[in-house]
Amino acid sequence: MKFRPLGDRVLVKRVEEEQKTKGGIIIPDTVKEKPQEGTVIAVGPGARNDKGDVVPLDVKAGDTILFGKWSGSEVKVDGEDLLIMKESDVLGIVEK
């Protein structure tokens, strides 16, 4: 299925978090925190300004981003758990 977000929304896939600590202790799913880092899968065309012009987003597909702990809505696309959020929920882009 193809999915294209509308407006200033961004489709994000969370990064996979480590299953064990550096010391080798396995972390069960019940106590693991959800990662606040993800990869942008798709972006909408942008938000409209006061004049009605579309302002493109600062993030693009392939960017690694940081977002707030409670940001976005969880959705399932092609059996994969993803997040959809507004660009304003994105805290920053991780540059490598």
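Only heavy atoms go into these numbers, but all of them, side chains included; no hydrogens, no water, no symmetry mates. Count residues from 1 along the sequence. Since this is a predicted model, take the numbers as computed values, not measurements.
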Beyond-backbone contact of Val43 with Val59, side-chain heavy atoms, under 4.5 angstrom: yes

Assess whether salt bridge (Lys or Arg N to Asp or Glu O under 4.0 Å) is satisfied between Glu37 and Arg14, documenting all intermediate values. CA-CA 6 Å; Glu37 184 177 336; Arg14 287 186 197 265; over 6 Å; no

Do Lys13 and Glu80 have side-chain heavy atoms sitting under 4.5 Å apart? yes

May I ask you to decide if Asp58's main-chain N or O and Glu87's side chain share a donor-acceptor pair within less than 3.5 Å? yes

For residues Ile65 and Val94: do they belong to one hydrophobic cluster (side chain heavy atoms under 4.5 Å, members Ile, Leu, Val, Met, Phe, Trp, Tyr)? no

How far apart are the C-alpha atoms of Leu82 and Lys76, what are their side-chain angles, what is the distance that settles it, and do they pass the side-chain contact (heavy atoms from CB on, under 4.5 Å) test? CA-CA 6 Å; Leu82 302 172; Lys76 195 171 274 234; over 6 Å; no

To the closest 0.5 Å, what do you measure between CG (Leu66) and CG (Leu91)? 6.5 Å

Closest heavy-atom pair, Pro45 versus Arg4, reported as atoms and distance to 0.1 Å, is CD-NH1, 4.4 Å

With a 4.5 Å cut-off on side-chain heavy atoms, are Asp81 and Glu74 touching? no

Rounded to the nearest 0.5 Å, what's the gap from NZ on Lys60 to CD1 on Ile93? Could you check? 6.5 Å

Go through the steps for Val55 and Arg48 under the test side-chain contact (heavy atoms from CB on, under 4.5 Å), then give the verdict. CA-CA 6 Å; Val55 179; Arg48 294 200 180 271; over 6 Å; no

About how many Å separate OG of Ser73 and CG of Asp89, when rounded to the nearest 0.5 Å? 9.0 Å

Minimal heavy-atom distance between Ala47 and Asp8, with the atoms involved, is CB-CB, 3.8 Å

Closest heavy-atom pair, Ala61 versus Ile41, reported as atoms and distance to 0.1 Å, is CB-O, 3.5 Å

If you compare all heavy atoms of Gly38 against all heavy atoms of Phe67, which two are closest, and at what distance to 0.1 Å? N-CE2, 3.7 Å

Taking every heavy atom of Pro5 against every heavy atom of Ile84, the minimum-distance pair comes out as CB-CD1, 4.3 Å

Which heavy atom of Lys69 sits nearest to which heavy atom of Gln36, and what is that distance? N-NE2, 3.0 Å

Separation between OG1 of Thr39 and CG of Asp63, rounded to the nearest 0.5 Å: 9.0 Å

